[in-house]
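For reference, the structure is listed below as structure tokens.
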Protein chains: 2
Amino acid sequence: MKTIRKLGDVLRCFTAEEPEHSVTALSRLTQNSVSGTHDLVDGMAAIGLLHKIQRGRYRLGPLVATLYHTLEDSSVLLGAARPVMARLLADHGETLHLTMHDHGRLLLVEAMDGSRPLNVSPTVIGPHLMLHEAPPGRLHLASFSPARLQAWLDQHSRPGGAVISRERLVADLQRIARDGFDSGPVGEDADLMCLAARVLDHAGRAVAVLSMTVPEGRHARQPRAFRSVTIEAAQQISVRLGYRAAL
Amino acid sequence: MKTIRKLGDVLRCFTAEEPEHSVTALSRLTQNSVSGTHDLVDGMAAIGLLHKIQRGRYRLGPLVATLYHTLEDSSVLLGAARPVMARLLADHGETLHLTMHDHGRLLLVEAMDGSRPLNVSPTVIGPHLMLHEAPPGRLHLASFSPARLQAWLDQHSRPGGAVISRERLVADLQRIARDGFDSGPVGEDADLMCLAARVLDHAGRAVAVLSMTVPEGRHARQPRAFRSVTIEAAQQISVRLGYRAAL
DNA sequence: TGTCACTTTCCGGTAATGCCGGAAAAAGAA
DNA sequence: TTCTTTTTCCGGCATTACCGGAAAGTGACA
């Protein structure tokens, strides 16, 4: 299904930072011919996935909004997570994210903006991050099957490498998988501390990750408290999904 | 681009009422072979547009949420409409919709739930409606080019027909285009009164329709007031988009 | 206004691949 | 278990997505 993969590549080019693209820009980004990209983009605009503002200016289209509304109405995960996240936000005012992963990519399902005078921008966590670069992604990695993890590592730890020490990462992931929790900076930014906890569904499968990202200063004052409220909230979501802790 | 059209067809099968489908169900709905549908759905799940819950149970996927968040952050229309709609909701408490259209289909961009004891369900307006069945869609039709309207009519007024009187509809559309406003029931439901007004962008093009749907009883009491607040709100959105009324 | 540089759009030939029916595998139902 | 239903896999064929090149369109600049 080459067409669909390309379609996905094109869709992923549209981000909050770059919400608008021309045909040539997309063809460069996706490494395809201009004319081929034109056909693709034209089709996507025809079904409403993209919207053609002007000659050669494309943005995400109205179908995205339509689909999102049905997702919103029907997603058990969102339904379970929203109230818990809202409560967490009300209590602590820190920036929150709910993520999933998809074929080695981090997907942002829900983001809530912190309400404090000094708080973390909600855009720090997003699809632009490699999985291993921040706690949410590492938690996703930690729930990969061994074979899948192998494949991911083979793909990303090769040349000069995104992953510096493969052995180190694997060891970390084992610990993370055991705890269902990870914390650390986001990428290289030592001013941020991201705390991430696993969300499990009724069958005990890892379906998502809840994370709270706070300024390192505030975190340093009471690290254990932050850790426990994050884990606690993630567990509440899991329970709402039908997970029973003590089986 | 057959693949993309099919992809669109599949996506549109997912609604708030039917958020989950099996492969065979989708193949029936889209009138394609089971195996072909399987390939398609598999690919869509691979890029995250769909999510495979279990063997043969598909829902919309996390990519939809991700894309929506970037749309939300970047869409000038949403940015302009949201505050106006929120204000309108606060003032009157009636159910609101912001729609666009796409190749003869009604697309729901934003919906806000009424806050009164008796109010209209937000699901009455949606992609399931034919364009001519409710005021928002008629307003979209009214801004079609003559040729495009011809094509649409040819397609929908044929056999025993969705459109009963073609001449009547055309006359109505001319009036609607002139006023930038339409009101009437939603489909056959005479208990509902939907008031819809056109939203124009900086270049004076019709980009969306704002509508307010109220119980007929409340509407009958002060029809002119409802009409004017709806038109007023739509104009506010247009102005926020850069439209200048008195050119 | 005319020229130039660039981008988008159109178009036809061809290699690739999406599509289909049929078989196998998996999951329930009884 | 056995039977039924649904999903998944597979190979061959026809369709079509893809590409390069040409044409049309757009904006910049003098």
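Fair warning: this is a prediction, and the values are worked out from it, not measured in the lab. Each chain gets a letter, A, B and so on, in the order the sequences are listed, and its residues count up from 1.
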Close N/O contacts between protein and nucleotides 12-16 of chain C (under 3.5 Å):
none

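- Comparing the helix axis at one end of the helix from dT1(C)-dA30(D) to dA30(C)-dT1(D) with that at the other, each defined from 5 consecutive pairs, gives an inter-axis angle of 60° (nearest 10°).
- Distance from the side chain of Lys6(A) is smallest to dC19(D) among dC19(D), dG18(C), dC20(C).
- Residues passing the side-chain contact (heavy atoms from CB on, under 4.5 Å) test with Ala233(B) are Val84(B), Leu88(B), Leu210(B), sequence neighbours excluded.
- In the set dG20(D), dC9(D), dT9(C), the nucleotide with an atom closest to the side chain of His38(A) is dT9(C).
- In this structure Tyr58(A) satisfies the ring-ring contact (aromatic ring centres under 6.0 Å, His included) test with no other residue, sequence neighbours excluded.
- Ala65(B) meets the side-chain contact (heavy atoms from CB on, under 4.5 Å) test with Tyr68(A), Leu71(A), Val109(A); sequence neighbours excluded.
- Every residue was checked against the side chain to side chain donor-acceptor pair (under 3.5 Å) condition with Glu17(B), not counting sequence neighbours, and none meets it.
- Evaluation of the side chain to side chain donor-acceptor pair (under 3.5 Å) rule for Gln174(A) yields no partner, not counting sequence neighbours.
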What pairs of nitrogen or oxygen atoms, one from the protein and one from nucleotides 23-30 of chain C, lie under 3.5 Å apart?
from    : atom 1 : to       : atom 2 : distance (Å)
dA26(C) : N3     : Arg55(B) : NH2    : 3.3

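- Residues satisfying the ring-ring contact (aromatic ring centres under 6.0 Å, His included) criterion with His140(A), sequence neighbours excluded, are His101(A).
- For Glu133(A), there are no side chain to side chain donor-acceptor pair (under 3.5 Å) partners at least two apart in sequence or on another chain.
- Residues satisfying the side-chain contact (heavy atoms from CB on, under 4.5 Å) criterion with Arg175(A), sequence neighbours excluded, are Asp172(A), Arg178(A), Asp179(A), Asp182(A).
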Could you pull out every donor-acceptor pair under 3.5 Å between side chains of residues 38-50 of chain B and any protein atom, sequence neighbours left out?
none

